[in-house]
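One structure is given below, encoded as structure tokens.
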Protein chains: 2
Amino acid sequence: MSTTAQPKRNTWQREAVRAALAEARGFVSAQQLHQRLRDGGSTIGLATVYRGLAGLAESGEADSLQSPDGENLFRSCSTQGHHHHLICRSCGETRELEARVVEEWAQRVGAEHGFTDMEHVVDLFGICANCRASRGAAGA
Amino acid sequence: MSTTAQPKRNTWQREAVRAALAEARGFVSAQQLHQRLRDGGSTIGLATVYRGLAGLAESGEADSLQSPDGENLFRSCSTQGHHHHLICRSCGETRELEARVVEEWAQRVGAEHGFTDMEHVVDLFGICANCRASRGAAGA
DNA sequence: CCGTTTGTTGCGAACGATTCTCATGAGTAA
DNA sequence: TTACTCATGAGAATCGTTCGCAACAAACGG
Ligand SMILES: [Mn+2]
Ligand SMILES: [Mn+2]
Ligand SMILES: [Zn+2]
Ligand SMILES: [Zn+2]
């Protein structure tokens, strides 16, 4: 590395994004968050929300994933370090997961096939107990 | 269901997409496949390739996934039933994977959290031996 | 073989999420 | 406060994908 990681300035915008994300119950898109901020009276710009979320994701303060229709979703992430999520398809309720087994499996499989620089996408989706209860016999 | 699934017509375009996808080694994007077809002398349109791939994916003849940068990738899928993939980020080379461990983990975790109707997304990405070799000391 | 019917194609326009450009604004340190 | 920079915001630009629609061509009956 040659770049000397410049210090980030403190702006109310950065903090607003962090706060708004923390208030969100589950995963939200940049656009959703921007809308909520605007609805709350903020004058923050969309690009800034994108930049803020990218920053939070990069620093590990937020977790991100791609929704099935290609949007990037973010969530304020309490758990330190790498982990995965179990998400309710209906209400967005999210549980953070540790997956030692999966991590090891991913590494091992990669190695066995001669692959390096491994990354993996592991997300679980389902219907939470709450949603199941309130939907009952509605079923497909 | 009330829609009576209209019969699909046989066109050389549809077959061309199927064939091109079969020839592709790993996952390819619609644009890549379109380019290869054009390079091969075909006059097929881009939209038609998109439509063809969507059809193959829907009928289960092809597998699809989102690349980390948001592109939809497709692959002619031989393996029957549920499975996962290890994909080279550089050349698209793909290995089909069985992941008993992961399947069990996913089921168990879902159950432990009271979730039902579990689904999961599990994809591994890396750089294959070939690509690593041919890139060598090129570095970032 | 011919005409009718109607799904299919291909082109460019339209879309939508994200990124980029760049003039202006505001942290920071002196 | 001043000067130096990075951050911001509005809109343009990207870019993958989908739409709209007129021309086309399978499928089918005669
Ligand atoms: Mn993991
Ligand atoms: Mn699986
Ligand atoms: Zn739920
Ligand atoms: Zn490769």
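Side-chain atoms are counted along with the backbone in the values below, which use heavy atoms only and exclude waters and symmetry mates. Just so you know, these numbers come straight off a predicted model, no measurement behind them. So you know, we letter chains A, B, ... as the sequences are listed, proteins then strands, and number each from 1.
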Nucleotide [N], atom [atom2] - distance to [atom1] of [X] in whole Å:
X       : N      : atom1 : atom2 : value
B/Asn72 : C/dG16 : CG    : C1'   : 14 Å
B/Gln32 : D/dG16 : CD    : C1'   : 12 Å
B/Gln66 : D/dT17 : CD    : C1'   : 13 Å
B/Trp12 : C/dT9  : CH2   : C1'   : 9 Å
A/Leu46 : D/dA7  : CG    : C1'   : 16 Å
A/Glu15 : C/dG27 : CD    : P     : 13 Å
B/Gln35 : D/dT17 : CD    : P     : 15 Å
B/Asp69 : C/dT19 : CG    : C1'   : 14 Å

Note to self: Need one value for B/Arg51: base, sugar-phosphate or nothing, where a base atom within 4.0 Å counts as base even if backbone is also close, heavy atoms only.
What the structure shows: base
Margin query: Regarding B/Thr43, tell me which of base, sugar-phosphate or nothing describes its non-hydrogen contacts under 4.0 Å with the strands shown.
Written below: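 Since only primed, P, OP1 and OP2 atoms lie under 4.0 Å of B/Thr43, the category is sugar-phosphate.
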Note to self: Under a 3.5 Å distance rule, please check whether B/His84 uses its side chain to pair with a backbone N or O of B/Val122 as donor and acceptor.
What the structure shows: yes
Does [N] have its OP1 or OP2 closer than 4.0 Å to a side-chain nitrogen or oxygen of [X]?
X       : N      : result
B/Tyr50 : D/dT18 : no
B/Thr11 : D/dA26 : no
B/Asn10 : D/dA27 : yes
A/Gln13 : C/dG25 : no

Next item on the list: Apply the side-chain contact (heavy atoms from CB on, under 4.5 Å) test between A/Leu65 and each candidate in A/Ile87, A/Asn72, A/Thr94; give the one that qualifies.
Entry: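 For A/Leu65, the side-chain contact (heavy atoms from CB on, under 4.5 Å) check succeeds only for A/Ile87.
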Can you tell me which nucleotide in [options] comes closest to the side chain of [X]?
X       : options                : answer
A/Arg9  : D/dA10, D/dA26, C/dG25 : C/dG25
B/Gln31 : D/dG16, C/dT8, C/dG10  : D/dG16
B/Ala47 : D/dG9, C/dC11, C/dT18  : C/dC11
B/Arg14 : D/dG11, D/dT17, C/dT8  : C/dT8
B/Ile44 : C/dG10, D/dA7, C/dG7   : C/dG10

Item checked: Criterion salt bridge (Lys or Arg N to Asp or Glu O under 4.0 Å) on A/Arg25 and A/Glu23, from CA distance to verdict -> CA-CA 6 Å; A/Arg25 295 174 187 170; A/Glu23 281 181 28; over 6 Å; no
Item checked: Shortest non-hydrogen contact between B/His113 and A/Leu97, atoms and distance -> NE2-CD2, 3.9 Å
Next item on the list: Decide yes or no on ring-ring contact (aromatic ring centres under 6.0 Å, His included) for A/His85 and A/Phe27, but give the supporting numbers first.
Entry: CA-CA 10 Å; A/His85 298 95; A/Phe27 280 87; 5.2 Å; yes
